[in-house]
Engineer: 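Provided herewith is a single structure, encoded as structure tokens, for subsequent inquiry.
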Amino acid sequence: DGRQQELFKVLVMPGVGGLAAVLGALAIVPALMEEGLFRGILHPLLEKAWGRWVAIGLSAALFSAFHMSREQIVVQFLLGLVLGWLRSVTGSLWPCMVGHALHNGVSVLGMLWFPAWVLPPYRVPSWPVWVGGVLLALLASLAMRRRALNAPPGQG
């Protein structure tokens, strides 16, 4: 809509606060807040009530719906699944926050370099999804490795 276009034009103007401010406002802060809600509060409650897989799936569905974007619903759901899985296997919120911020950061940088992504008719290439997926997979692998290394013998 027009408000989104105007906001984007302001953000990419020189002197708005620089790339760090834009990344902080659009990548890091939302990741911290959303992960605190979906994987910090909601996920543990769902996992306690209905188990790991229901918690992962339902929190991913709610996370996707929260963004209210038909264009991003599949990507948000898949991201929610990965982040929910990370929460379950690591027992920590930090890998989720970092993974979410990486995903948002890739998206923000892509929008800054390719403004057509956020302006109608939304010509979004698939490579940011792949780059974000690779970064999240790497993060998940590192988290799993750390957990296995810290586990008592016979439980890794």
Engineer: Checking Arg39 now: which residues fulfil side chain to side chain donor-acceptor pair (under 3.5 Å) with it, not counting sequence neighbours?
Structural biologist: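 Per chain and number, Arg39 pairs via side chain to side chain donor-acceptor pair (under 3.5 Å) with Glu35.
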Engineer: CZ/Phe77 to OG/Ser59 distance, rounded to the nearest 0.5 angstrom?
Structural biologist: 9.0 Å
Engineer: Are Leu86 and Val54 joined in one hydrophobic group, where the rule is that I, L, V, M, F, W and Y side chains link up if heavy atoms are under 4.5 Å apart?
Structural biologist: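 Looking at the clustering, Val54 is in the same group as Leu86.
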Engineer: Hydrophobic clusters here meaning ILVMFWY residues chained together by side-chain heavy-atom distances under 4.5 Å, can you tell me if Val74 and Phe66 are in one?
Structural biologist: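 Yes; Phe66 is reachable from Val74 via cluster members.
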Engineer: Find the distance between CG (Leu79) and CG (Asn104) and round it off to the nearest 0.5 Å.
Structural biologist: 7.5 Å
Engineer: Nearest 0.5 Å, please: how far is CZ in Arg87 from OG in Ser92?
Structural biologist: 7.0 Å
Engineer: If I take atom CG from residue Leu78 and atom CZ from residue Phe63, how far apart are they, to the nearest 0.5 angstrom?
Structural biologist: 11.0 Å
Engineer: If you round to the nearest 0.5 Å, how far is CG of Leu32 from CE of Met97?
Structural biologist: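 One finds 5.5 Å between CE of Met97 and CG of Leu32.
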Engineer: How far apart are the C-alpha atoms of Leu37 and Leu42, what are their side-chain angles, what is the distance that settles it, and do they pass the side chain to side chain contact (heavy atoms under 4.5 Å, CB included) test?
Structural biologist: CA-CA 6 Å; Leu37 173 62; Leu42 185 62; 5.5 Å; no
Engineer: Mind checking what makes side chain to side chain donor-acceptor pair (under 3.5 Å) contact with Glu34, not counting sequence neighbours?
Structural biologist: His67, His100
Engineer: Examine distances only and state if a side-chain atom of Ser88 and a backbone atom of Trp85 form a donor-acceptor pair shorter than 3.5 Å.
Structural biologist: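 Absent.
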Engineer: Are the side chain of Ser64 and the backbone N or O of Ile73 linked by a donor-acceptor pair below 3.5 Å?
Structural biologist: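 Present.
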Engineer: Report the C-alpha distance between Leu81 and Ile56 in whole Å, list the side-chain angles of each, state the deciding distance to 0.1 Å, and finish with yes or no for side chain to side chain contact (heavy atoms under 4.5 Å, CB included).
Structural biologist: CA-CA 6 Å; Leu81 289 175; Ile56 292 170; 3.8 Å; yes
